[in-house]
Amino acid sequence: MTAMLFLAAACAQPVSAPGPAGPVEPYVTSADLCAKLPPEVPELPAEQSAVPADVTVSWVLECVMGPPAQSGATHVRVERADGPPAELLAALRLPSATEQTGPCTTEYLLPFYLALVTADRQAIAPFIPVDGCAKPRREVLAALGNLPFRPIK
């Protein structure tokens, strides 16, 4: 499953969420997480941007940092999901919450990098809308979890 969640407890201090164009930190990381990719992957953008309304996405790239091994080494899972990701695009176009509406949970999301790849090999690192606790919206996480990702590295 994409963007694994570790549930701990509920109840945190209120956090002001970034606006719709704000980056999600520390959950969304830089393209550096996706180092040494195969040639099928285009050059990845360093900056996040809004998803253009007229974009046609061919496939989705996701790099997820796994928990450190006992040796201390980290593992990065690099995957792609082919086909138009309509549910994900709709979720990415949702606005970020501007205020917290309930208690924040202390679940931990593994850091990830997301890129939408077009047929002409252009990559877009989309802004990820957040909830009132400054975490990626559940709709985005659900849409990612529904995509048929397969390893490419």
Side-chain angles (χ1 to χ4, degrees), residues 1-35 37 41 44-53 55 57 59-118 123-153:
M1 179 177 173
T2 299
M4 290 176 47
L5 299 175
F6 293 99
L7 295 170
C11 210
Q13 294 297 320
V15 178
S16 61
V24 181
E25 294 294 343
Y27 310 112
V28 178
T29 162
S30 74
D32 296 340
L33 182 63
C34 304
L37 292 172
V41 178
L44 298 175
E47 300 291 324
Q48 290 178 300
S49 63
V51 178
V55 72
V57 176
W59 57 281
V60 178
L61 171 78
E62 181 185 54
C63 303
V64 180
M65 182 183 296
Q70 287 182 339
S71 66
T74 57
H75 169 73
V76 176
R77 189 176 72 240
V78 180
E79 302 174 313
R80 75 178 278 168
D82 296 305
E87 180 185 6
L88 177 61
L89 291 174
L92 290 171
R93 290 185 174 119
L94 293 171
S96 287
T98 56
E99 60 184 54
Q100 181 180 336
T101 58
C104 292
T105 59
T106 57
E107 59 210 3
Y108 175 73
L109 290 167
L110 295 173
F112 67 96
Y113 176 85
L114 186 67
L116 309 173
V117 183
T118 64
I124 300 164
F127 286 121
I128 309 293
V130 296
D131 63 17
C133 296
K135 295 179 183 178
R137 285 184 64 141
R138 292 186 188 278
E139 297 91 341
V140 173
L141 297 176
L144 285 170
N146 290 335
L147 288 174
F149 281 104
R150 62 179 172 83
I152 60 171
K153 176 180 164 186

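Residue numbers run from 1 in the order of the sequence given.
Nearest approach of Ala115 to Pro126, heavy atoms of both residues: CA-CD, 4.3 Å. The minimum heavy-atom distance linking Cys63 with Val76 is given by the pair CB-CG1, 4.1 Å. Pairing each heavy atom of Pro136 with each of Ile128, the nearest pair is CB-CG2, 3.8 Å. Nearest heavy atom pair, residue Pro95 against residue Arg137, reads O-NH1, 2.7 Å. The heavy-atom pair separating Val51 from Arg93 by the smallest distance is CG1-NH2, 3.4 Å. Shown here for Ser96 and Pro129, the closest heavy-atom pair between the two residues is OG-CA, 3.3 Å.
With values rounded to the nearest 0.5 angstrom, Phe112 atom CZ is found 12.5 Å from Met65 atom CE. The line from CD of Gln48 to CG of Leu114 is 9.0 Å long, rounded to the nearest 0.5 Å. Of the inter-residue distances, the one linking Leu88 atom CG with Leu141 atom CG reads 10.0 Å to the nearest 0.5 angstrom. Atom CD of Glu99 and atom CG of Asp131 lie 12.5 Å apart (nearest 0.5 Å).
Contact check for Asp82 versus Pro148: no side-chain heavy atoms found under the 4.5 Å cut-off. Side-chain contact check for Val140 versus Leu94: every heavy-atom pair is 4.5 Å or farther apart. A 4.5 Å side-chain heavy-atom check between Ile124 and Val57 finds every atom pair outside the cut-off. For the pair Trp59 and Val41, the minimum side-chain heavy-atom distance is below 4.5 Å.
The main-chain N or O of Pro151 is never found under 3.5 Å from a side-chain atom of Glu79 such that the two would form a donor-acceptor pair. Of the possible polar contacts, none joining the Arg77 side chain to the Glu62 backbone as a donor-acceptor pair under 3.5 Å is found.
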TODO: Go through the steps for Val117 and Arg80 under the test side chain to side chain contact (heavy atoms under 4.5 Å, CB included), then give the verdict.
DONE: CA-CA 10 Å; Val117 183; Arg80 75 178 278 168; over 6 Å; no

